[in-house]
Number of protein chains: 2
Amino acid sequence: MIGVMTEPRWLSPEEMRAWLGYRRLRNLLDARIARDLADQAGLSDQDYDVLSNLSAHEDHRAGIGELAKELRWSHSRLSHHLTRMEKRGLVARESHPADARGAIVTLTSEGRSAIVEAAPGHVASVREHLIDVMTPEQVRSLGDIAEAVLGRLGEAR
Amino acid sequence: MIGVMTEPRWLSPEEMRAWLGYRRLRNLLDARIARDLADQAGLSDQDYDVLSNLSAHEDHRAGIGELAKELRWSHSRLSHHLTRMEKRGLVARESHPADARGAIVTLTSEGRSAIVEAAPGHVASVREHLIDVMTPEQVRSLGDIAEAVLGRLGEAR
DNA sequence: CGATCATACTTGACGTGTCACATAAATCGG
DNA sequence: CCGATTTATGTGACACGTCAAGTATGATCG
């Protein structure tokens with residue numbers, strides 16, 4: 001009767017409220033922000049992340065592994081996504097000059113204008129649906145919660 | 001220079017921390033909890049939600065529209081998912097006796113044992129990676145944030 | 001040098017979600 | 001009762017993510 005058989009500690013009402021609230025928040029907020037971005041700029045959240053990260057680099061280019069690490073994406077995920085974005089002309093792949101295993105992604109001019117046009121509306125959307133709905137204390141608290149949970153998951157900072 | 005052309009209010013460092021933290025939290029926490037559930041019980045989060053909601057009903061049966069509303073899922077999403085779960089023997093569809101348009105989903109005995117066996121481990125996983133990492137104040141704060149944001153999205157409670 | 005291992009990335013299969021559209025039964029106004 | 005509309009659900013195409021396996025190049029060590 002010890003170990004695997006012990007009775008689980010079920011969630012208290014307060015804990016259940018936080019857990020279900022988080023799940024519902026995630027479902028609805030993400031859907032809403034994604035839809036705003038798609039309507040306004042024809043981009044998905046993932047497109048935005050890639051473009052924004054890439055445009056922060058010198059020369060708008062980055063190694064694929066480097067990009068994957070910065071985005072915290074699996075290589076597979078990034079590779080699939082770059083294939084899709086490449087088809088739409090937002091980015092281009094080049095081979096690495098020094099290491100033939102490596103590959104480099106660059107922003108096309110279309111990719112550059114897409115992110116420039118998308119950014120203001122996206123920030124406004126994030127403000128409207130999340131940031132401006134919270135009090136300053138809640139903004140800090142959300143940051144703290146994320147830091148604590150990510151730390152626990154071995155992903156500090 | 002008024003209206004569409006106004007300069008956007010970019011996010012402050014504190015706001016950026018909350019936003020990026022939320023996104024990273026969502027990516028890693030959800031992946032982790034989903035993997036625990038899949039490893040321990042062979043269920044996805046979505047399977048769990050459907051089974052758990054269904055098992056809370058009298059006779060373990062519910063109308064499809066009713067279920068979609070409770071889960072806050074689109075009808076299409078639920079329909080696709082029920083098709084997959086039906087193939088795996090977790091649920092079954094029946095026709096509604098009074099309204100031939102309607103359909104009823106029921107829990108099979110396999111579905112029932114799946115959720116019963118999965119629940120303790122799932123709660124433990126949610127505790128370990130989220131709930132027990134937060135202080136009681138943070139648990140309340142997360143609930144408050146979710147309530148505020150969902151209210152703003154026209155989804156109070 | 002050559003076998004072996006590590007590294008960098010790609011690919012295929014499949015589960016999942018959205019959107020737009022299809023289908024069919026109930027309901028309602030005349 | 002009949003035709004238009006509304007309600008309840010299903011389907012197909014496609015975007016996205018994971019996992020496992022594949023390919024190819026670089027590095028290491030006898």
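Both backbone and side-chain heavy atoms feed into the values below; hydrogens, waters and symmetry mates do not. In what follows, every chain begins at residue 1, and chains take the letters A, B, ... in the order their sequences are listed.
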Exercise for review: Could you tell me whether a side-chain N or O of A/Arg17 sits under 3.5 Å from a main-chain N or O of B/Leu142, the two making a donor and an acceptor?
Suggested key: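 A pair under 3.5 Å: no.
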
Practice item. Could you check whether A/Thr83 gets within reach of a base, just the sugar-phosphate, or nothing at all, counting any heavy atom under 4.0 Å? Key: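 Result for A/Thr83 = nothing.
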
Extract from the structure each pairing of a protein N or O with an N or O of nucleotides 19-22 of chain C at less than 3.5 Å, listing the distance.
unit_1	atom_1	unit_2	atom_2	d
C/dC19	N4	B/Ser76	OG	2.7

Between [X] and [Y], what is the shortest heavy-atom contact and its length?
{"X": "B/Thr108", "Y": "B/Leu90", "value": "OG1-O, 3.0 Å"}
{"X": "B/Leu130", "Y": "A/Trp19", "value": "CD2-CE3, 3.6 Å"}
{"X": "A/Gln40", "Y": "A/Gly121", "value": "OE1-CA, 3.3 Å"}
{"X": "B/Leu43", "Y": "B/Ala118", "value": "CD1-CB, 3.8 Å"}

Point to revise | Nearest-0.5 Å distance that lies between atom OH in B/Tyr22 and atom CG in A/Leu29 | key: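 It is 4.5 Å, given to the nearest 0.5 Å.
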
Review point. Out of curiosity, B/Arg77 CZ to A/Asn27 CG, how far, rounded to the nearest 0.5 Å?
Key: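 Answer for the CZ-CG pair, B/Arg77 versus A/Asn27, is 5.5 Å.
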
Mind calculating the distance between [atom1] ([X]) and [atom2] ([N]) to the nearest angstrom?
{"X": "B/Trp73", "N": "D/dT9", "atom1": "CH2", "atom2": "P", "value": "15 Å"}
{"X": "B/Asp49", "N": "C/dT16", "atom1": "CG", "atom2": "P", "value": "12 Å"}
{"X": "A/Leu37", "N": "D/dA15", "atom1": "CG", "atom2": "P", "value": "16 Å"}
{"X": "B/Leu82", "N": "C/dT16", "atom1": "CG", "atom2": "P", "value": "12 Å"}
{"X": "B/Lys87", "N": "C/dC14", "atom1": "NZ", "atom2": "P", "value": "11 Å"}
{"X": "A/His81", "N": "C/dC9", "atom1": "NE2", "atom2": "P", "value": "17 Å"}
{"X": "A/Glu86", "N": "C/dT10", "atom1": "CD", "atom2": "P", "value": "9 Å"}
{"X": "A/Glu66", "N": "C/dA8", "atom1": "CD", "atom2": "C1'", "value": "13 Å"}

Review point. Between residues 89-104 of chain B and DNA chain C, which residues have a heavy-atom gap below 4.0 Å?
Key: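 Residues of residues 89-104 of chain B that come under 4.0 Å of DNA chain C are, in numerical order, B/Asp99, B/Ala100, B/Arg101.
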
Check your understanding: For the residue pair B/His122 and B/Tyr48, does the interplanar ring angle fall in the parallel (under 30°), tilted (30 to 60°) or perpendicular (over 60°) class?
Key ->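 Geometry flag for B/Tyr48 against B/His122: tilted rings.
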
Check your understanding: For B/Arg26, does the CZ atom sit with more than 12 other heavy atoms under 6.0 Å from it, leaving out its own atoms?
Key ->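 Enclosed.
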
**Study point:** Closest to the B/Arg84 side chain, choosing from C/dG15, C/dC9, D/dC16
**Key:**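 Within the option list, the nearest is C/dG15.
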
Check your understanding: Under 4.0 Å: is that the gap between some side-chain N or O of A/Gln46 and OP1 or OP2 of D/dA15?
Key ->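 No, no such contact exists.
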
Review point. Can you tell me if the side-chain N/O atoms of B/Ser74 get under 4.0 Å from OP1 or OP2 in C/dT18?
Key: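 Looking at the OP1 and OP2 atoms of C/dT18, one of them is under 4.0 Å from a side-chain N or O of B/Ser74.
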
Review point. When you match A/Arg88 and B/Gly65 each to their closest nucleotide on DNA chain D, which lands nearer the 5' end?
Key: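 Result: B/Gly65.
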
